[in-house]
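Working notes, beginning with the structure itself.
Computed from a predicted structure; not experimentally measured. When a ligand or atom number is given, it counts from 1 through the structure's own listing order.
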Amino acid sequence: MDADAIEEGRRRWQARYDASRKREADFTTLSGDPVEPVYGPRPGDTYEGFERIGWPGEYPFTRGLYPTGYRGRTWTIRQFAGFGNAEQTNERYKMILANGGGGLSVAFDMPTLMGRDSDDPRSLGEVGHCGVAIDSAADMEVLFKDIPLGDVTTSMTISGPAVPVFCMYLVAAERQGVDPTVLNGTLQTDIFKEYIAQKEWLFQPEPHLRLIGDLMEHCASRIPAYKPLSVSGYHIREAGSTAAQELAYTLADGFGYVELGLSRGLDVDVFAPGLSFFFDAHVDFFEEIAKFRAARRIWARWMRDVYGAKSERAQWLRFHTQTAGVSLTAQQPYNNVVRTAVEALAAVLGGTNSLHTNALDETLALPSEQAAEIALRTQQVLMEETGVGNVADPLGGSWYVEQLTDRIEADAEKIFDQIKERGLRAHPDGQHPIGPVTSGILRGIEDGWFTGEIAESAFRYQQALEKGDKRVVGVNVHTGSVTGDLEILRVSHEVEREQVRVLGARKEARDDAAVRGALDAMLVAARGGANMIGPMLDAVRAEATLGEICDALREEWGVYTEPPGF
Ligand SMILES: CC(C)(COP(=O)(O)OP(=O)(O)OC[C@H]1O[C@@H](n2cnc3c(N)ncnc32)[C@H](O)[C@@H]1OP(=O)(O)O)[C@@H](O)C(=O)NCCC(=O)NCCSC(=O)CCC(=O)O
């Protein structure tokens with residue numbers, strides 16, 4: 001790009017920066033010297049390919065979504081939390097909010113994630129263990145007791161039974177007297193990554209996609225700020241993928257949901273802002289920063305050029321980041337604080353919109369209160385002390401980071417081609433039921449391609465670790481010393497007994513005929529083409545449980561069994 005064009009871009013950015021709101025904060029160095037909100041080539045310099053880098057707040061958004069970077073608003077500190085019953089988790093949420101947490105993020109227990117009630121025999125021993133147990137709208141009410149749902153953004157990490165759980169959240173808001181149309185938050189809902197990595201699905205992909213389409217339609221028309229999908233690479237990475245695979249599979253899944261919305265006749269400029277993303281921040285500092293920058297650029301280009309999105313918001317890739325659970329070690333666990341801080345810094349330098357920092361004991365158990373506090377404080381140290389939010393995309397223009405960004409982008413594009421090619425194999429006539437990328441994803445799920453590719457990468461890394469080419473402190477290098485007793489959070493089995501007792505009492509107290517009638521009406525919608533959110537909300541209002549709703553649908557649609565892979 002020639003020097004004049006670069007200067008014209010700088011003036012455009014400056015005008016938008018001047019017109020934007022900034023935080024009341026000190027934007028100087030620790031020594032008191034002023035710093036610019038963003039840096040670029042020196043006036044008069046040319047820069048080949050600068051249009052791929054650009055300025056913060058404009059296409060292709062490599063350098064961030066906002067002209068102000070974090071000067072406008074810092075990232076959201078959003079700590080993923082949940083354990084035991086709704087009452088215990090409600091206490092933890094109040095602690096997080098009181099200590100400066102910016103939003104909530106609900107972790108559900110395994111039975112809830114699988115759409116089973118706490119009194120289901122298959123739930124035995126799991127209730128309240130890896131997250132909070134939620135059986136019905138009444139539990140959701142307790143979960144958010146004294147937390148005004150209209151004022152706090154709430155993320156819920158659940159995908160198989162995302163839609164009934166979302167209905168419970170809406171009913172809890174109704175019962176708080178909050179107008180559901182003002183709600184703001186994120187539901188994970190990403191079923192593709194369940195088949196690819198996390199493996200918490202309920203049905204075949206097609207009925208799941210139908211439900212997700214209903215949800216997208218409902219949110220786009222009635223709850224405009226709510227983000228019904230958090231397209232997730234985190235679990236793909238944690239399963240052992242490379243950074244480029246994480247990026248490419250996740251963005252491809254995002255394209256799949258865009259195609260789903262388009263196939264339902266929705267307007268891309270209306271529904272696309274409801275798609276958000278969720279990535280891992282692993283320990284290779286620069287590779288991760290490059291991944292985040294490439295993610296924004298690829299998404300903006302595809303949204304504009306392939307799917308016809310016109311508004312900036314529909315071209316924006318907004319993402320939450322969690323530091324890499326898989327990088328934590330049980331050996332010398334205090335070192336995990338250091339790893340997490342480095343990973344969190346990569347996320348921030350990559351321009352994350354929201355961040356969870358892992359607690360040092362998470363490789364052993366759910367975080368203790370003390371470990372959870374250190375994790376929260378880690379973000380606050382970065383935010384308050386380091387000056388990292390003063391300058392947007394401070395690594396933009398680094399030869400290394402720019403080349404890494406280009407390389408990851410090119411690797412991702414190759415993977416998109418492979419996915420589309422699989423789609424064409426499934427539909428050689430080019431008649432894709434939802435869209436070409438979706439066909440490729442479904443084919444890749446069906447024939448085990450994604451899981452095979454991830455397993456291959458995980459295997460290669462493990463070999464490198466065992467040969468000592470890759471080193472992990474406390475694991476294959478610097479192994480002695482620095483130990484210490486950790487206080488481990490243990491969830492009492494009493495929680496399960498109490499949850500089952502309360503659930504039994506609620507079932508006794510409700511109007512069974514109303515529950516049955518509402519579930520039947522939901523099944524009528526399932527068989528026809530009507531949007532299922534309305535009837536599902538009615539079932540939830542009648543205190544139908546999550547297990548009852550999911551079982552009715554399992555009976556209707558059948559369950560999914562993974563094809564065996566070797
Ligand atoms: C979009 C995100 C990513 C972030 O939403 P947030 O509300 O926190 O932040 P945001 O949208 O970026 O910002 C809030 C508002 O401020 C505005 N805003 C932000 N920065 C600005 C700036 N500089 N200038 C002007 N406006 C700005 C935004 O546009 C937005 O307003 P508008 O709304 O008006 O635009 C959302 O989807 C989210 O919160 N996701 C979290 C997902 C999550 O927690 N998942 C946990 C998974 S845990 C898991 O899966 C478990 C893994 C495991 O451990 O196994």
Nearest protein heavy atom to atom 30 (C) of ligand 1, by residue and atom, and its distance? R318 NH1, 3.9 Å

Work out which heavy atom in Y307 is nearest to a heavy atom in E259; give both atom names and the distance. OH-OE2, 2.9 Å

May I ask you to identify, for F319, whether its side chain, its backbone, both or neither come under 4.0 Å of ligand 1 on a heavy-atom basis? backbone

Determine whether any heavy atom of R313 lies closer than 4.0 Å to an atom of ligand 1. yes

Should the proximity of R73 to ligand 1, defined as any heavy atom under 4.0 Å, be assigned to the side chain, the backbone, both, or neither? both

Looking only at protein heavy atoms, which one is nearest to atom 25 (C) of ligand 1, and what is the separation? Y66 CD2, 3.8 Å

Applying a heavy-atom cut-off of 4.0 Å, say which part of H320 lies close to ligand 1: side chain, backbone, both or neither. both

of all protein heavy atoms, closest to atom 7 (O) of ligand 1 is R78 NH2, 3.7 Å

Just need the protein heavy atom nearest to atom 9 (O) of ligand 1, so name the residue and atom and give the distance. T76 OG1, 3.5 Å

Between Y234 and ligand 1, find which residue part has any heavy-atom pair under 4.0 Å and reply side chain, backbone, both or neither. side chain

For ligand 1, which atoms sit closer than 4.0 Å to a heavy atom of K227? 1 (C), 36 (C), 37 (O)

Does the pair E246/K291 count as a salt bridge with the N-to-O cut at 4.0 Å? yes

Nearest-contact summary for atom 12 (O) of ligand 1 - protein heavy atom, Å: N353 CB, 3.4 Å

The closest protein heavy-atom partner of atom 36 (C) of ligand 1 is T186 OG1, 3.1 Å

Please determine whether any non-hydrogen atom of G69 lies less than 4.0 Å from an atom of ligand 1. yes

N/O separation below 3.5 Å, S230 to ligand 1: no

Can the positive tip of R318 be found less than 6.0 Å from the middle of the six-membered ring of F277, inside 45° of the ring normal? no

Within reach of ligand 1, part of E238 (heavy-atom separation under 4.0 Å): neither

Is it true that the NZ or CZ of R71 lies under 6.0 Å from the centre of F27's six-membered ring and within 45 degrees of the ring axis? yes

Do you know which of F292, W299, F278 makes ring pair (Phe, Tyr, Trp, His ring centres under 6.0 Å) with F319? F292

Does at least one non-hydrogen atom of H235 fall below 4.0 angstrom from an atom of ligand 1? yes

Name the option, out of L104, N358, V106, T157, that contains the heavy atom nearest to atom 49 (C) of ligand 1. T157

Do NZ/NE/NH1/NH2 and the carboxylate oxygens of K94 and D146 come within less than 4.0 Å? yes

When distances are taken from atom 42 (C) of ligand 1, the protein heavy atom at minimum range is S155 OG, 3.4 Å

Please state whether Q188 comes within less than 4.0 angstrom of ligand 1, counting heavy atoms only. yes

Of all protein heavy atoms, the one nearest atom 4 (C) of ligand 1 is S354 CB, 3.8 Å

Taking 4.0 angstrom as the limit and counting only heavy atoms of G72, give me the atoms of ligand 1 inside it, by number and element. 23 (N)

Ligand 1 versus Q322: contacting region, heavy-atom distance under 4.0 Å: side chain

Does the distance from a Lys or Arg side-chain N to an Asp or Glu carboxylate O, for R63 and E58, drop under 4.0 Å? no

Give the numbers and elements of all ligand 1 atoms closer than 4.0 Å to a heavy atom of T68. 22 (C), 23 (N), 24 (N)

Decide whether a cation-pi geometry holds between K145 and Y93; the criteria are a distance under 6.0 Å from NZ or CZ to the six-membered ring centre and an angle within 45° of the ring axis. no

Got a salt bridge between K193 and E200, using NZ or NE/NH1/NH2 to carboxylate O under 4.0 Å? no

T378 vs T323, test: side-chain contact (heavy atoms from CB on, under 4.5 Å). Steps then yes/no. CA-CA 12 Å; T378 302; T323 54; over 6 Å; no

Would you say the ring centers of F192 and Y249 fall short of 6.0 Å from each other? no

Is the H356 ring parallel, tilted or perpendicular to the F80 ring (thresholds 30°, 60°)? perpendicular

Mind checking whether F166 and Y226 have ring centres under 6.0 Å apart? yes

Please check if the distance between the ring centroids of W316 and Y59 is under 6.0 Å. no

